[in-house]
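Quick notes on the structure that follows.
In each ligand, atom 1 is the first atom listed, and ligand 1 is the first ligand listed.
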Amino acid sequence: LSPSNGTAPTPLTNYLDTQYYGEISIGSPAQMFNVVFDTGSANLWVPSYSCSPLYTACFTHNRYDGSKSRTHIKNGTGFSIQYASGNVRGFLSEDVVVVGGIPVVQVFAEATALPAIPFIFAKFDGVLGMGYPNVAIDGITPVFDRIMSQHVLKEEVFSVYYSKDPMHKPGGELVMGGTDPEYYTGTFNYMGTSEAGKWEVNMKGVTVGEEMLFCKEGCTAVIDTGSSYITGPASSVSVLMKTIGATELAEGGYTVNCDLVKSLPSVTFHLGGHDYSLTEEDYILWQSQFGEDICSVTFRGLDVPPPTGPIWILGANFIARYYTEFDRRNNRIGFATAV
Ligand SMILES: CCN(C(=O)c1cnc(C)nc1NCc1ccco1)[C@H]1CCCNC1
């Protein structure tokens, strides 16, 4: 634990404002892994040493080798987690996992089948789910729950800062046990999670410029630290894109003419009685490819089938603007303006 006050910080790396990840260790002696701290899931998985050579994504990442760890406990139960583009499959193992300097004996998954899409593009090795236990696959107690039950944290909360410019050191920070005033200004506005057991809230509408265009009867917003973008129902996002004059690319992304960026409207999310606006600076990603500027829009259409959907997912570009506190004690989420 950091000597100070029952909080445990983990610095995060920012890769192109689209991937944020931090280091954990598994096993004795420590095997290091870069993981996304993902509020959209609740399991820990890393690539396995016994991953089949068929899966290139395993061999471009760090892999866990249980035979090299004296604290490894064999389990072997099958595991599969569903992603939009494919399943990560493997088997369960148990070992000492150290997060922010706090050790826990943790059941996690060794991935032996890792789909190239999207994980060949991942700078991180695996995913550490920060979701509630009831969304955990195989009923496995999540890492943060094991840490809470050690009673070493000052508060049963964790907070996330994502930096905006890659030059900013660090690229982000996860704090378990509290918040880091270094990275936000003003006070937190809180809202209850919509159904106990998910990091999601009721959203009252989405306004573009001055006009409320979407989610007028209310809808669900998932606060997902593991997603790069903001997603909304495909029909809504396509109207939003037309409104800002964006054109759709092949793989579902959108771009705008860089000259028009400064005149783009703000997009405002009405959450918990407060308005959270994103300006074009927050939702346009300026990338220069082959010497020319590409202005991509960090909104994506994604239709999540009922009963979960239709939902909006507020990801990294939202969190980069609004420092977020996830409060397990009070089942609420707090936002403050990020610095
Ligand atoms: C981690 C799996 N996720 C991604 O969206 C995702 C996929 N593939 C790549 C290469 N990166 C991803 N996220 C990068 C990132 C890091 C922090 C912010 O965004 C999502 C799946 C749904 C639950 N929530 C997480």
Side-chain angles (χ1 to χ4, degrees), residues 10-24 33-47 55-58 60-62 80-90 108-109 111 114-132 135-137 142-144 158-164 166 170-174 197-200 220-232 251-253 282-283 285 296 298-305 308-309 311-324 326 333 338:
T10 299
L12 304 177
T13 301
N14 169 0
Y15 173 68
L16 297 181
D17 290 351
T18 56
Q19 295 184 34
Y20 296 81
Y21 50 87
E23 200 170 54
I24 65 167
F33 297 93
N34 288 315
V35 295
V36 171
F37 293 97
D38 174 24
T39 53
S41 66
N43 290 83
L44 169 60
W45 66 259
V46 293
Y55 297 97
T56 318
C58 273
T60 56
H61 291 102
N62 296 306
S80 173
I81 185 165
Q82 180 108 22
Y83 288 107
S85 49
N87 288 14
V88 170
R89 290 191 310 282
F108 64 99
L114 198 55
I117 309 296
F119 296 107
I120 204 85
F121 303 110
K123 289 293 178 190
F124 53 90
D125 301 309
V127 175
L128 194 157
M130 296 293 283
Y132 281 80
V135 303
I137 293 163
V143 170
F144 191 68
F158 61 91
S159 302
V160 178
Y161 162 68
Y162 281 167
S163 81
K164 213 27 192 177
E173 184 188 60
L174 166 78
K198 286 187 176 178
W199 291 121
E200 62 183 37
T220 299
V222 173
I223 314 303
D224 184 357
T225 55
S227 287
S228 309
Y229 307 117
I230 289 175
T231 72
E251 95 294 346
D282 303 308
Y283 68 78
L285 211 52
S296 49
T298 59
F299 284 89
R300 293 284 167 94
L302 178 71
D303 287 315
V304 177
T308 317
I311 57 170
W312 291 75
I313 299 174
L314 304 181
N317 56 345
F318 186 87
I319 292 162
R321 174 72 195 270
Y322 297 103
Y323 184 97
T324 310
F326 298 87
I333 290 174

Begin from the C-alpha positions of Ile333 and Thr324 and carry the test side-chain contact (heavy atoms from CB on, under 4.5 Å) through to its verdict. CA-CA 7 Å; Ile333 290 174; Thr324 310; 3.7 Å; yes
Minimum heavy-atom distance between Asp224 and Thr39, given as atom pair plus value: CA-OG1, 3.3 Å
List in chain and number order the residues that pass side-chain hydrogen bond (donor to acceptor under 3.5 Å, both in side chains) with Ser159, two or more places apart in sequence or in another chain; answer none if no residue qualifies. none
By ring-ring contact (aromatic ring centres under 6.0 Å, His included), which residues pair with Trp199, not counting sequence neighbours? Tyr132, Phe158, Phe326
With Ser41 via side-chain hydrogen bond (donor to acceptor under 3.5 Å, both in side chains) - residues at least two apart: Asp38
Per the under 4.0 Å non-hydrogen criterion, ligand 1 touches Thr18, Gln19, Tyr20, Val36, Asp38, Gly40, Tyr83, Pro118, Ala122, Phe124, Val127, Tyr162, Asp224, Thr225, Gly226, Ser227, Ser228
Side-chain heavy atoms of Phe119 within contact of Phe124, under 4.5 Å: yes
